[in-house]
*Asks:* 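This is the structure I want to talk about, given as structure tokens.
Note that the structure is predicted; figures quoted are calculated from it, not measured. Values reported hereafter were calculated over all heavy atoms of this structure, with side chains retained and with hydrogens, waters and symmetry mates removed.
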Amino acid sequence: MTILADLRSRTHTWHRPSALAAAGLGVVAVLCVAAMLLDQRTLGGAPIWAKPFKFAVSGALYFATWSWLVSLLPRFRRTASWLTNLLVLIFAAEYVLLVFQAARGHASHFNNATPQDALIYNVMGKMIMGLWAATLVLTVLVMFTKVPDRASFWAVRTGAALSPAGISLGILMTSPTARQLAQWKAGGTPDVVGAHTVGLANGGPGLPILGWSTVAGDLRIPHFAGMHALQALPLLAIALLALASRFPRLRDDVVRARLVLVGAAGYAGLLALLTWQALRAQSIVHPDATTLGAFALLVAAVGLGALAVVRAPGQKAVR
């Protein structure tokens, strides 16, 4: 059974609460678009409802993927189901706080302006720690997942391993900046603690909707990329399977599996490159020669690896 047929046959066994959460967040994302059209307020130069929109889309992808993965588990499914329920509850509670802050015109993250704002940010931080811990345990359980297609087998595992790493990058945003520390040393209390922008204060020019800085480094980029490895790598496996009808070499599931492993290595390299670029206070749209050179080397390595896999005369099982 191919992964495409497996996806269709297993839909009715997907984890229902997370599937409903994914569908609900999809609806919420549409409502956020309407809110952006009706409510013209901005915060830090971005539409006030842009962050709820981004979180809704991200959450929908996240829960749709976990709903599917839980259905694949041959063991520990009850434990995984309970943990996924916990993920849904944590995310829902955090999202309510995020929307509450947006409706008030207040920042939900890094906000230390008032005791209430600081409390909300602190509670959201604790929720993220819980979400990360539950995701990590689920990742371990996913290692027991049986997927008939070898490419999908490795796509699920590598994607699940990279996803907690991407979530962990959020920790880099929580440390006070030098300017904030200086305010504390001077006896003041900064209104903002932590930052996702490196090199400048949060806010300023950014990409449409995404808001990622176009003038400085932005840690949200590797955070987002890493977290969604859980979707990107299985999609790579599905794409390779879809191309197999046109390219006979891809009909060998071992060839596809090795290409997925090359892709996973490249994705990990891209995640490291994006983090390095952001920490150097460099905008994603204005890479310097060093960043471009590193990216070119990464692309070349992935391309050569893929070429070697496709041209290899014989294939052996990779599991």
*Asks:* For Y95 together with F55, are the ring centres under 6.0 Å from each other?
*Replies:* no
*Asks:* If I compare all heavy atoms of P190 with all of Q183, which pair ends up nearest, and what's the gap?
*Replies:* CB-OE1, 3.4 Å
*Asks:* Donor-acceptor pairs under 3.5 Å, side chain of residues 124-133 to any protein atom, not counting sequence neighbours: which ones?
*Replies:*
| residue | atom | partner | partner atom | Å |
| --- | --- | --- | --- | --- |
| K126 | NZ | N122 | OD1 | 2.9 |
| W132 | NE1 | P164 | O | 3.1 |
| W132 | NE1 | S168 | OG | 2.7 |

*Asks:* Decide side-chain contact (heavy atoms from CB on, under 4.5 Å) for V28 and V99; before the verdict, give the C-alpha distance in whole Å, the side-chain angles of both, and the deciding distance to 0.1 Å.
*Replies:* CA-CA 11 Å; V28 169; V99 170; 6.0 Å; no
*Asks:* Any sub-3.5 Å donor-acceptor pair from S163's side-chain atoms to G159's backbone N or O?
*Replies:*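 Checking the backbone N and O of G159 against the side chain of S163, no donor-acceptor pair under 3.5 Å is found.
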*Asks:* Roughly how far, to the nearest 0.5 Å, is the OG atom of S18 from the CG atom of L25?
*Replies:*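 Those atoms lie 11.0 Å apart.
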*Asks:* Give every donor-acceptor pair under 3.5 Å between a side-chain atom in residues 41-48 and any protein atom, sequence neighbours left out.
*Replies:*
| residue | atom | partner | partner atom | Å |
| --- | --- | --- | --- | --- |
| R41 | NE | D39 | OD1 | 3.1 |
| R41 | NE | D39 | OD2 | 3.1 |
| R41 | NH1 | A103 | O | 3.3 |
| R41 | NH2 | D39 | OD2 | 2.8 |
| R41 | NH2 | A103 | O | 3.3 |

*Asks:* So which pairs with a foot in residues 99-114 pass salt bridge (charged side-chain N to carboxylate O under 4.0 Å, His left out), sequence neighbours left out?
*Replies:* R104-D117
*Asks:* Can you check whether G194's main-chain N or O pairs, donor with acceptor, with T174's side chain at less than 3.5 Å?
*Replies:*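 Answer holds: no.
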*Asks:* Go through the steps to decide whether L236 and Y267 satisfy the test side-chain contact (heavy atoms from CB on, under 4.5 Å), and finish with yes or no.
*Replies:* CA-CA 11 Å; L236 172 61; Y267 201 97; over 6 Å; no
*Asks:* Any idea which heavy atoms bring A278 and L219 closest together, and the distance?
*Replies:* CB-CD2, 3.9 Å
*Asks:* Just wondering, do N112 and D191 contact through their side chains at under 4.5 Å, heavy atoms?
*Replies:*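 Sidechains of N112 and D191: no contact.
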*Asks:* I'd like to know if V30 and W49 are part of one continuous hydrophobic network [Ile/Leu/Val/Met/Phe/Trp/Tyr, side-chain heavy atoms within less than 4.5 Å].
*Replies:*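 Shared cluster, no.
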*Asks:* When clusters are formed by joining ILVMFWY residues with side-chain heavy atoms under 4.5 Å apart, either directly or through shared neighbours, do V260 and L243 land in the same one?
*Replies:* yes
*Asks:* Test: salt bridge (charged side-chain N to carboxylate O under 4.0 Å, His left out). Region: residues 171-187. Which pairs qualify, not counting sequence neighbours?
*Replies:* none
*Asks:* Counting only pairs under 3.5 Å, give me each side-chain donor-acceptor contact of residues 286-303, with atom names and distances, residues two or more places apart or in other chains.
*Replies:*
| residue | atom | partner | partner atom | Å |
| --- | --- | --- | --- | --- |
| D288 | OD1 | R280 | NH2 | 3.3 |
| D288 | OD1 | Q282 | NE2 | 3.3 |
| D288 | OD1 | T290 | N | 3.2 |
| D288 | OD1 | T291 | N | 2.8 |
| D288 | OD1 | T291 | OG1 | 3.0 |
| D288 | OD2 | R280 | NH2 | 2.6 |
| D288 | OD2 | Q282 | NE2 | 2.9 |
| T291 | OG1 | R280 | NH1 | 2.8 |
| T291 | OG1 | Q282 | OE1 | 2.7 |

*Asks:* Quick one: which residue pairs count as a salt bridge (charged side-chain N to carboxylate O under 4.0 Å, His left out) with a foot in residues 224-233, not counting sequence neighbours?
*Replies:* none
*Asks:* Can you see which heavy atom on P176 is nearest to which on Q180, and at what distance?
*Replies:* CA-OE1, 3.2 Å
*Asks:* Could you tell me whether R157 sits above the aromatic face of F153, with NZ or CZ closer than 6.0 angstrom to the six-membered ring centre and within 45 degrees of the axis?
*Replies:*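 Yes - R157 lies over the ring of F153, closer than 6.0 Å to its centre and within 45° of its axis.
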*Asks:* Can you tell me how far the CG atom of L119 sits from the CG atom of N111, to the nearest 0.5 Å?
*Replies:*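 The CG atom of N111 is 11.5 Å from CG of L119, to the nearest 0.5 Å.
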*Asks:* Apply side-chain contact (heavy atoms from CB on, under 4.5 Å) to L271 and L169, showing your working.
*Replies:* CA-CA 10 Å; L271 182 59; L169 290 173; 3.8 Å; yes
*Asks:* Identify the two heavy atoms, one from L87 and one from F63, that lie closest to each other, and give their separation to 0.1 Å.
*Replies:*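 In terms of heavy atoms, the two residues are closest at O-CZ, 3.6 Å.
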*Asks:* Consider only side-chain heavy atoms of I, L, V, M, F, W and Y, link residues closer than 4.5 Å, and tell whether L304 and L240 are in one cluster.
*Replies:*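 In one cluster with L304: L240, no.
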*Asks:* Taking the side chain as everything from C-beta on, heavy atoms only, tell me whether I120 gets closer than 4.5 Å to F100.
*Replies:*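 Yes, at least one pair of side-chain atoms sits under 4.5 Å.
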*Asks:* May I have the step-by-step check of side-chain contact (heavy atoms from CB on, under 4.5 Å) for W66 and H15, ending in yes or no?
*Replies:* CA-CA 8 Å; W66 276 117; H15 181 257; over 6 Å; no
*Asks:* With a 4.5 Å heavy-atom cut-off, do L97 and Q101 have their side chains touching?
*Replies:*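 No, too far: nothing below the 4.5 Å cut-off.
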*Asks:* Could you list the residues that satisfy side chain to side chain donor-acceptor pair (under 3.5 Å) with K54, not counting sequence neighbours?
*Replies:*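 K54: no side chain to side chain donor-acceptor pair (under 3.5 Å) contacts found.
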*Asks:* Kindly list each side-chain donor-acceptor pair under 3.5 angstrom involving residues 226-234, sequence neighbours excluded, with atom names and distances?
*Replies:*
| residue | atom | partner | partner atom | Å |
| --- | --- | --- | --- | --- |
| H228 | ND1 | Q231 | OE1 | 2.6 |
| H228 | NE2 | S58 | OG | 2.7 |
| Q231 | NE2 | L61 | O | 3.2 |
| Q231 | NE2 | T65 | OG1 | 2.8 |

*Asks:* Starting at OG1 of T84, measure out to CG of L73 and round the result to the nearest 0.5 Å.
*Replies:*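 Here the rounded value is 8.5 Å.
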*Asks:* Start with the C-alpha distance between H109 and N202, add both sets of side-chain angles, then the distance that settles side-chain hydrogen bond (donor to acceptor under 3.5 Å, both in side chains), and finish with yes or no.
*Replies:* CA-CA 11 Å; H109 291 73; N202 286 343; over 6 Å; no
*Asks:* What distance separates S67 OG from L72 CG, expressed to the nearest 0.5 Å?
*Replies:* 10.0 Å
*Asks:* Do V198 and L172 share a hydrophobic cluster (ILVMFWY, side-chain heavy atoms under 4.5 Å, transitive)?
*Replies:* yes
*Asks:* Check for me whether the distance between the ring centres of H196 and F224 falls short of 6.0 Å.
*Replies:* no
*Asks:* Taking all atoms of both residues into account, what is the closest heavy-atom pair of P222 and T275, and its distance?
*Replies:* CB-OG1, 3.3 Å
*Asks:* Quick check against the 3.5 Å criterion: does R150 have a side-chain atom that pairs as donor or acceptor with the backbone of A257?
*Replies:* no
*Asks:* Is there a path of hydrophobic side-chain contacts, each under 4.5 Å between heavy atoms, that joins W276 and I171?
*Replies:*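 As far as the 4.5 Å side-chain criterion goes, I171 and W276 are not connected within one cluster.
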*Asks:* Other members of the hydrophobic cluster containing W184, with the 4.5 Å side-chain heavy-atom rule, please.
*Replies:*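 Cluster partners of W184: L181, V193.
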*Asks:* Quick one: are the ring centres of F91 and Y62 less than 6.0 Å apart?
*Replies:* no
*Asks:* At what distance, to the nearest 0.5 angstrom, does OG of S283 lie from CD of Q277?
*Replies:* 7.0 Å
*Asks:* Please go through L200's hydrophobic cluster and name the other residues, only I, L, V, M, F, W, Y counting, with side-chain heavy atoms under 4.5 Å joining them.
*Replies:* V215
*Asks:* To the nearest 0.5 Å, what is the distance between CG on L274 and CG on L279?
*Replies:*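 It is 11.0 Å, given to the nearest 0.5 Å.
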*Asks:* Using modelled atom types only, decide if a donor and an acceptor are shared between the side chain of R256 and the backbone of L250 within a distance under 3.5 Å.
*Replies:* yes
*Asks:* Are the side chains of W68 and V156 in contact, using a 4.5 Å heavy-atom criterion?
*Replies:* yes
*Asks:* List the atom of L162, the atom of A268, and the distance in Å for their closest heavy-atom pair.
*Replies:*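 Shortest heavy-atom contact: CD2-CB, 4.0 Å.
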*Asks:* Side-chain heavy atoms under 4.5 Å apart, restricted to Ile/Leu/Val/Met/Phe/Trp/Tyr: what other residues fall into the cluster of L31, or is it alone?
*Replies:*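 Listed partners: V27.
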*Asks:* Donor-acceptor pair, R249 side chain versus V310 backbone, under 3.5 Å?
*Replies:*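 Yes, R249 side chain to V310 backbone: donor-acceptor pair under 3.5 Å.
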*Asks:* If you look only at pairs with a residue in residues 204-219, which of them pass as a side chain to side chain donor-acceptor pair (under 3.5 Å), with sequence neighbours excluded?
*Replies:* D218-R220
